[in-house]
Amino acid sequence: MANSLTVLDVEVLKALGNEKRLAVLGWLADPRAHFPPQRDGDLVDDGVCSVFIADKLGVSAPTASEHLRLLTATGLLTAKRIKQWTFYRRDEERIAAVKRMLGEDW
């Protein structure tokens, strides 16, 4: 018998249904290959500054913030504050769980 989708599952599917959010997840899988060095925070350990993500997406800071907020709310990304900046990195455990969920028979 198939599992019922939860509200969070639906939000994850919404998050993955956007090409810009998928691009962010892809870039953050190998941040050193996709982003310049940062003055504050390590690209891998701390994540990538939202300013760099917005710039790479070619969108305004508020638009990038909304994409990052949804990815964080669904657990696909984690956020870390350093000084006045917010840095984002992938939550690999959560991403693996979502991949397993998507592989289930519904």
Side-chain angles (χ1 to χ4, degrees):
M1 181 148 109
N3 294 331
S4 298
L5 289 176
T6 67
V7 172
L8 183 57
D9 294 337
V10 171
E11 290 302 310
V12 167
L13 294 174
K14 285 183 193 177
L16 296 175
N18 180 281
E19 66 184 44
K20 290 194 180 293
R21 290 189 286 268
L22 286 175
V24 169
L25 287 170
W27 297 332
L28 293 180
D30 187 4
R32 287 197 176 105
H34 297 284
F35 295 97
Q38 305 173 133
R39 183 180 332 164
D40 296 308
D42 180 80
L43 287 169
V44 173
D45 294 336
D46 299 312
V48 177
C49 180
S50 61
V51 173
F52 287 131
I53 295 170
D55 186 51
K56 189 160 181 77
L57 280 174
V59 300
S60 67
T63 298
S65 267
E66 184 57 23
H67 288 304
L68 295 167
R69 183 201 63 76
L70 183 55
L71 290 168
T72 303
T74 57
L76 298 170
L77 297 183
T78 60
K80 179 178 186 177
R81 293 285 295 184
I82 300 176
K83 298 182 180 175
Q84 73 269 31
W85 311 109
T86 305
F87 296 77
Y88 294 89
R89 66 186 188 100
R90 291 167 43 120
D91 183 329
E92 296 300 341
E93 270 187 39
R94 175 69 174 139
I95 289 169
V98 168
K99 286 179 178 179
R100 284 191 301 275
M101 176 194 75
L102 293 174
E104 291 179 0
D105 292 330
W106 294 354

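Counting begins at 1 with the first residue of the sequence.
Checking side-chain atoms of Q38 against main-chain N and O of C49 turns up a donor-acceptor pair under 3.5 Å.
Across all non-hydrogen atoms, the minimal contact from K14 to R21 is O-NH2, 3.3 Å. Of all heavy-atom pairs spanning M101 and L13, the tightest one is CE-CD2, 4.5 Å. The heavy-atom pair separating T86 from R81 by the smallest distance is OG1-NH1, 2.8 Å. Taking each heavy atom of P31 and L43 in turn, the nearest pair found is CG-O, 3.6 Å. Closest non-hydrogen pair, D46 versus G41, comes out as OD2-CA, 3.2 Å. Scanning all heavy atoms of the two residues, the minimum distance from N18 to H67 falls at OD1-CE1, 3.7 Å.
In this structure, E93 places its CD atom where only 12 or fewer heavy-atom neighbours from other residues, nucleotides or ligands lie under 6.0 Å away.
A tilted orientation is assigned to the rings of F52 and F35, their planes being inclined by 30° to 60°.
The closest side-chain heavy-atom distance from K99 to I95 is below 4.5 Å. In this structure, D55 and V51 have side chains that are not in contact, with every pair of non-hydrogen atoms separated by 4.5 Å or more. L70 is not listed as a side-chain neighbour of L76, based on a closest heavy-atom distance of 4.5 Å or more. A 4.5 Å side-chain heavy-atom check between L16 and L25 finds at least one atom pair inside the cut-off.
Salt bridge D42/R32: present, at least one basic N to carboxylate O contact under 4.0 Å.
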